[in-house]
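Given the structure is predicted, the values throughout are model-derived calculations rather than measurements. In the text below, chain A, chain B and the rest are named by the order of the sequence lines, each starting its count at 1. All values below come from the heavy atoms of this structure, side chains included, with hydrogens, waters and symmetry mates left out.
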Amino acid sequence: MLETLLAILPDLLLALGQTLLMLAICLVVAVLLGGPLGVLLFLLAPGQMLQQRALGAVLGWLVNTLRSFPFIILLVALVPFTRWIVGSSIGPLAASVPLACAAVPYFARLVEQQLHEVPRGVLEAATAMGASPWQMVFRVLLVEARSGLVSALTVLAISFLSYSAVAGVVGGGGIGDLAIRFGYYRFDTGMMVLTIAVLVALVQLIQLGGSRLARRLDRR
Amino acid sequence: MATITAMRLHYNTSAAGPMQNLIQLHGISKSFHLPDGSRYQALHEVSLSVRAGEIVGLIGRSGAGKSTLLRSINLLERPDHGAVQINGQDLTRMPAAQLRSAREQIGMMFQHYNLLHNLNVYENVAFPLRLHQRLNAPRLAARVRECLDIVGLADRAGSYPAQLSGGQKQRVSIARALASRPDVLLCDEPTSALDAATTRSILATLRNINISLGVTIVIVSHELAALAQLCHRVVVLEDGRIAEQFDPADTASVRSTALGRELAYYRKEGGQAASWEGVQHA
């Protein structure tokens, strides 16, 4: 057992690195693009500060459309786009493109949902004090929803850890890919168990860290 | 008795000279869409003037339009028709940025306090100051302390709202409303979620603020007995119209509305309401 472990350790470490790279890129893009998109979706909703039914509906439709693609289809459909951005359609960097594309609308919806949890009265009080839309976002919404936003990011990270396994299809590598290639295709049960154990540990870690941070940020 | 006299004295001084209307509502109408598609007319061309330094109580049954009227003073509800003038400036015609700075002069308190849960007491009171004023750190801190002193919560600056009682939260919201030195304080059922003793102490604080800082107060409340003592003028709303308005101290006249009679009764029977005396900051 120990021997096999040592034999596959380099493979495993490489795969772990690839997984973390894909996850990191995907989360950063999701926060940078999906976060503002979620805030916008919230602000455009009826009864909110920038209420714009038409624009809100168009954005909502776009988000729904992107989210309705099965991930493996999105992966293939985005190949030309991926090539244009990364210069290749193979490897962890290339796999990060469709991962990020799926993560952005997903995170946007999670953010929108969390902002709806901020009590209306608090927004009203800020309006009565003369807060601008910009101040409303940065001084009220993000402050009051911060704990929920961390939870949303935790959910996103864990979902996309498992999505990243599919990225093996385009040679993305990663732990999930290792499990499929060695554990599943080659009937290497030891490898299968090991990779899954690593994934379980990763998920537990992410959840633990996320929950702790969320609790610390919550003063309610 | 002494406090009541002091109250009236202040009222008379501020009303002396040319009658200065701080708030002027002209023909305010407001209707709402109901879920079933129909429209509900909350206010019918209501006009109301409030002088600087006055405490005006808005009373009425549920749905009479008192909250809508109060909330139209700072355009939290934008009237369908009519003008809202504060210090002679019409809020309804202001561009967004100008309205935001006009709102700095209108403090507001709510039934459910509406404090930011993730900010401590100090940061909640500093919130309106950070929105508008470029105060340096020491001046901001001094102003926040000043306001917390007024409501007797200087020692709770580091607490979070979740660690405070309802009465304390409402005091924080008073301090927050006072932070930017407003001319007007709007109170939307500020004591409806509080017990009787806390209610009296909150209303006593409001009265002190009116006397010592000269802040004009418009208050919506169901506490008729308390309003009878607190207000210089009471406005009774019925079905979105002003049914009558009177000075509660004028106990000789006959009131035309049931609520008016009830309030007048409290003023008479409650006498000069011993409850007002000896009320300390809880």
Side-chain angles (χ1 to χ4, degrees), chain A residues 35 39-40 42-53 55-56 111 113-153 210-220, chain B residues 33 70-71 73-78 91 94 96-121 123-133 158-164 172-173 176-180 182 184-189 193:
Chain A
V39 171
L40 200 58
F42 173 79
L43 289 177
L44 293 174
Q48 299 302 340
M49 243 190 155
L50 304 178
Q51 181 172 333
Q52 283 279 342
R53 255 167 229 277
L55 188 55
V111 168
Q113 232 168 49
Q114 290 303 327
L115 297 185
H116 275 293
E117 297 295 314
V118 177
R120 217 184 166 71
V122 174
L123 304 184
E124 203 163 59
T127 304
M129 287 185 273
S132 66
W134 210 248
Q135 290 170 326
M136 193 64 98
V137 170
F138 286 99
R139 289 175 182 268
V140 183
L141 285 170
L142 295 187
V143 171
E144 288 295 273
R146 63 190 187 188
S147 162
L149 293 175
V150 167
S151 302
L153 192 62
S211 301
R212 273 213 182 155
L213 185 60
R215 218 176 313 124
R216 270 182 60 178
L217 289 176
D218 192 5
R219 300 292 189 164
R220 274 173 297 176
Chain B
H33 284 286
L70 183 84
R71 291 159 56 86
I73 295 176
N74 63 354
L75 292 201
L76 271 189
E77 302 292 355
R78 192 173 270 275
L91 263 52
M94 285 182 181
Q98 204 187 338
L99 175 62
R100 287 198 292 270
S101 47
R103 278 174 166 157
E104 197 190 349
Q105 293 314 308
I106 310 171
M108 188 160 191
M109 337 170 22
F110 302 84
Q111 179 178 359
H112 298 294
Y113 331 119
N114 297 348
L115 301 171
L116 275 82
H117 302 98
N118 284 335
L119 297 185
N120 64 22
V121 166
E123 284 302 324
N124 264 292
V125 177
F127 184 90
L129 296 173
R130 295 194 202 280
L131 289 185
H132 298 283
Q133 302 177 14
S159 303
Y160 285 86
Q163 301 165 318
L164 303 177
V172 175
S173 93
R176 175 174 75 173
L178 292 178
S180 47
V184 185
L185 181 55
L186 305 178
C187 311
D188 194 359
E189 305 200 22

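With a threshold of 4.5 angstrom between heavy atoms, B/Tyr113 does not approach chain A through any atom at all. Of the two parts of B/Leu99, neither the backbone nor the side chain holds a non-hydrogen atom closer than 4.5 Å to a non-hydrogen atom of chain A. For A/Glu144, the parts lying under 4.5 angstrom from a heavy atom of chain B are both the backbone and the side chain. Neither the backbone nor the side chain of A/Leu123 comes within contact range of chain B; no heavy atom of the residue lies under 4.5 Å from a heavy atom of that chain. In this structure, chain B has no heavy atom under 4.5 Å from any part of A/Val118. Interface residue B/Pro128: backbone and side-chain heavy atoms are both found under 4.5 Å from chain A.
Counting heavy atoms from C-beta outward, A/Glu124 and B/Met108 have side chains that stay 4.5 Å or more apart. Here the side chains of B/His117 and A/Pro119 are in contact, with some heavy-atom distance below 4.5 Å. For the pair A/Gln52/A/Leu43, no side-chain contact is recorded, criterion being any heavy-atom separation below 4.5 Å from C-beta on.
Formation of a donor-acceptor pair under 3.5 Å by the B/Arg103 side chain with backbone atoms of B/Asn74 is found in this model. Under a 3.5 Å cut-off, the side chain of A/Gln48 and the backbone N or O of A/Leu44 do not form any donor-acceptor pair.
For the residue pair B/Leu116 and B/Phe127, the shortest heavy atom distance occurs at CD2-CE1, 4.1 Å.
Comparing A/Ala131, A/Gly121, A/Ala128 by heavy-atom pairs within less than 4.5 Å of chain B, the highest count is held by A/Ala128. The candidate with the highest count of non-hydrogen atom pairs below 4.5 Å against chain A, out of B/Arg100, B/Arg176, B/Arg71, is B/Arg100.
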